[in-house]
Amino acid sequence: MKSITEFGKMKAKKEKISVVTCYDFWSAKIIDSSNIDAVLVGDSSAMVMHGFETTINATTDMMCYQVSSVKRGVKNKLIIADLPFLIHRKGAKEFYNSVDLLMKSGTNAVKIEGASGNLDLIKELVESGIPVMGHLGLTPQSIFQLGGYKIQGKDNSSSEKIFNDALLLENSGCFAIVLEMVPSPLAKKITDELAIPTIGIGAGPDTDGQVLVLHDLLGLNKDFNPKFVRKYLNGYEEILSALNNYTRDVKDNNFPSEEESN
Ligand code: KIV
C-alpha cells in the first residue's frame with residue numbers, strides 16, 4: 001500500500017499521483033488490481049450512488065458503510081474518506097465520533113473541505129495520528145454559498161484566498177490538498193509553493209496528481225459531460241447494450257443454452 005509518506009516522495013520525484021473515487025466492494029476489487037495509487041471514498045457517493053442533488057446528504061453512517069465495503073475489496077491502496085457535511089461544526093464529541101467510526105471502518109485518512117474554521121481541528125487530528133487531506137477551490141459541501149458548480153479563484157481576491165488557505169492547510173499538517181475547479185495557473189502556483197502534493201480535478205495539468213470520480217471516467221452518466229472529465233470507457237452504452245442483449249436472449253429462449261444448464 002502506498003502510504004502518505006510515499007505521496008510526498010512521489011511529489012519530490014515528480015511522479016504523478018492517480019486517485020479515483022470508490023464506494024463499493026466490486027469496483028474496489030478491480031481498482032485494487034490496477035495501477036491507481038489511492039482511492040477516495042468521496043461524499044460524491046450521495047450524488048453518484050444514491051441520486052441526491054448535492055453531497056449534503058452524505059452521513060457518517062453512509063460513509064462508514066461505503067468505507068467498510070471498499071476496505072474489504074482494497075488490500076493495496078491508500079484509502080481516504082470524506083468527512084460528511086457539517087460534522088466539524090457539530091461539536092467536538094460528534095466530530096471525533098465521526099472520525100473514529102470512519103477510521104474503524106477502514107479508512108487510512110480523512111478529507112475535509114475548506115480551511116477557515118478547520119485549522120485547529122486538522123492540527124488535533126494530525127497530532128492524534130490521523131492523516132488529513134485538504135480540499136480547496138470548489139468545495140461541493142458549500143455549493144449553495146458558492147452559487148453553483150463553477151470555477152473558483154478567478155479574481156485576485158478569491159485566488160489569493162485559495163493560495164493562502166493552501167499554505168495554512170500545509171502548516172496545519174495536511175499531507176495533500178485537493179484543488180477542485182481552479183484556474184490552471186493558480187493550481188500551478190500552489191503546487192510550486194507547497195512541499196505537500198496537490199491533487200487536481202478540473203485544475204489543469206500542473207498539479208502533482210489527479211482525481212476523478214470513477215463513474216465519470218467510466219462514462220456511466222451519459223448526461224454528465226464537463227470539460228474536465230475524460231471518459232476512458234463508454235460505460236453507459238456498453239452496459240445498456242449488455243442488458244438489452246441479455247433480455248433479447250431470455251425472450252428468444254437463447255439463454256440459458258444447454259451448456260449453461262444443469
Ligand atoms: O467527493 C468527491 O468525490 C470528491 C472529489 C471530487 C475530489 O471530493
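Just so you know, these numbers use all the heavy atoms, side chains as well, and skip hydrogens, waters and symmetry mates. Counting starts at 1 for both ligands and their atoms, following the listed order. None of the values given here were measured: they were computed from a predicted structure. Start at 1 with the first residue, then count along the sequence.
The backbone N or O of Met103 lies less than 3.5 Å from no partner atom in the side chain of Thr107, so there is not a single donor-acceptor pair.
In terms of N/O distances under 3.5 Å, ligand 1 is approached by Asp43.
Using a cutoff of 4.0 Å between basic side-chain nitrogens and carboxylate oxygens, Asp208 and Lys11 are scored as salt-bridged.
By the criterion of a heavy-atom distance under 4.0 Å, neither the backbone nor the side chain of Thr55 is placed next to ligand 1.
Residues Leu220 and Tyr236 come closest through the heavy atom pair O-CD1, 3.5 Å.
Within 6.0 Å of the OH atom in Tyr65, the count of heavy atoms belonging to other residues, nucleotides or ligands does not exceed 12. By the neighbour-count criterion of 12 heavy atoms within 6.0 Å, atom CG of Asn156 is sparsely surrounded, having that number or fewer from other residues, nucleotides or ligands.
Taking a 4.0 Å cut-off on heavy atoms, His135 registers as neighbouring ligand 1.
In the vicinity of Lys111, heavy-atom distances shorter than 4.0 Å reach the ligand 1 atoms 4 (C), 8 (O). Short contacts between ligand 1 and Asp82, defined as distances under 4.0 Å to a heavy atom of the residue, involve ligand atoms 1 (O), 2 (C), 8 (O). Less than 4.0 angstrom separates some heavy atom of Ile201 from each of these atoms of ligand 1: 6 (C). Interface atoms of ligand 1 facing Thr21, defined by a heavy-atom separation under 4.0 Å, are 3 (O). Those atoms of ligand 1 with a heavy atom of Leu40 less than 4.0 angstrom away are 2 (C), 3 (O), 4 (C), 5 (C), 7 (C), 8 (O).
In this comparison of Pro140, Ala58, Ser44, Gly42, the heavy atom closest to atom 3 (O) of ligand 1 sits on Ser44.
A centroid separation of 6.0 Å or more is found between the aromatic rings of His50 and Tyr23.
Transitive grouping of hydrophobic side chains (ILVMFWY, heavy atoms separated by less than 4.5 Å) keeps Leu179 and Ile151 in distinct clusters.
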